[in-house]
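As a basis for the values below, the full set of heavy atoms in this structure was taken, side chains included, without hydrogen atoms, waters or symmetry mates. No experiment lies behind these values; they were computed from the predicted model shown.
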Amino acid sequence: AASPTTSPRSLKQARSSRLLFQGTDEILGATVVGPEAGNIISEVSVAMAAKLGLGKLAAVVHPYPTIAESVRACGDLYNRTRLTPTVKTIFRGLLKFQRR
């Protein structure tokens, strides 16, 4: 579950975004509250019908700064849970090597 992004425009437009998942990135349900909720819930319902997971939603380009970005933020939070300490260490090493 995730809350909207911290951009000022986004915070003015939404109260809350929450995507429900368990174990995998499959979206089991969604709750969106705010004046632009209809715009977001349609994206989530299409993703659920097409069996797109949170990881794939995070990869979709969302306009910034808008409330639609909160869907991407939910996917990003899910993707971070999949990042194990070993993988983090490998990525840090690769980044250090590239920065040389």
Side-chain angles (χ1 to χ4, degrees):
S3 59
T5 59
T6 57
S7 70
R9 181 174 171 191
S10 177
L11 289 175
K12 288 179 188 173
Q13 291 178 342
R15 309 257 191 296
S16 175
S17 295
R18 181 174 294 156
L19 301 180
L20 305 174
F21 62 95
Q22 182 176 356
T24 68
D25 72 340
E26 180 185 2
I27 302 168
L28 303 176
T31 303
V32 183
V33 179
E36 298 295 324
N39 295 331
I40 294 172
I41 204 68
S42 60
E43 178 182 2
V44 174
S45 62
V46 167
M48 289 173 69
K51 305 266 189 228
L52 295 175
L54 288 170
K56 289 189 179 177
L57 276 182
V60 173
V61 175
H62 290 83
Y64 176 84
T66 65
I67 190 57
E69 194 182 14
S70 66
V71 174
R72 182 202 48 82
C74 290
D76 284 346
L77 285 173
Y78 169 76
N79 283 337
R80 283 189 204 124
T81 65
R82 298 175 42 209
L83 195 59
T84 64
T86 303
V87 173
K88 282 182 186 179
T89 303
I90 292 169
F91 279 138
R92 283 189 189 123
L94 287 172
L95 288 173
K96 284 181 184 178
F97 180 76
Q98 285 183 338
R99 290 179 184 157
R100 291 182 185 188

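Within the structure, salt bridge (charged side-chain N to carboxylate O under 4.0 Å, His left out) pairs that include any residue of residues 83-100 do not occur (at least two apart or interchain).
Under the 4.5 angstrom side-chain criterion for Ile, Leu, Val, Met, Phe, Trp and Tyr, the cluster partners of F91 are L83, V87, I90, L94. Residue F97 shares its hydrophobic cluster (ILVMFWY side chains chained together at separations under 4.5 Å) with no other residue. Alongside L95, the hydrophobic cluster contains no other residue (criterion: ILVMFWY side chains under 4.5 Å).
When all heavy atoms are compared, the tightest approach of G75 to A58 is C-CB, 3.6 Å.
D25 meets the side-chain hydrogen bond (donor to acceptor under 3.5 Å, both in side chains) test with no other residue; sequence neighbours excluded. Remark: L52 pairs with A47, A50, K56 by the side chain to side chain contact (heavy atoms under 4.5 Å, CB included) rule, at least two apart or across chains.
Atom CD of E43 sits about 5.5 Å away from atom CG of L57, to the nearest 0.5 Å. The line from CD1 of I27 to CG of L54 is 4.5 Å long, rounded to the nearest 0.5 Å.
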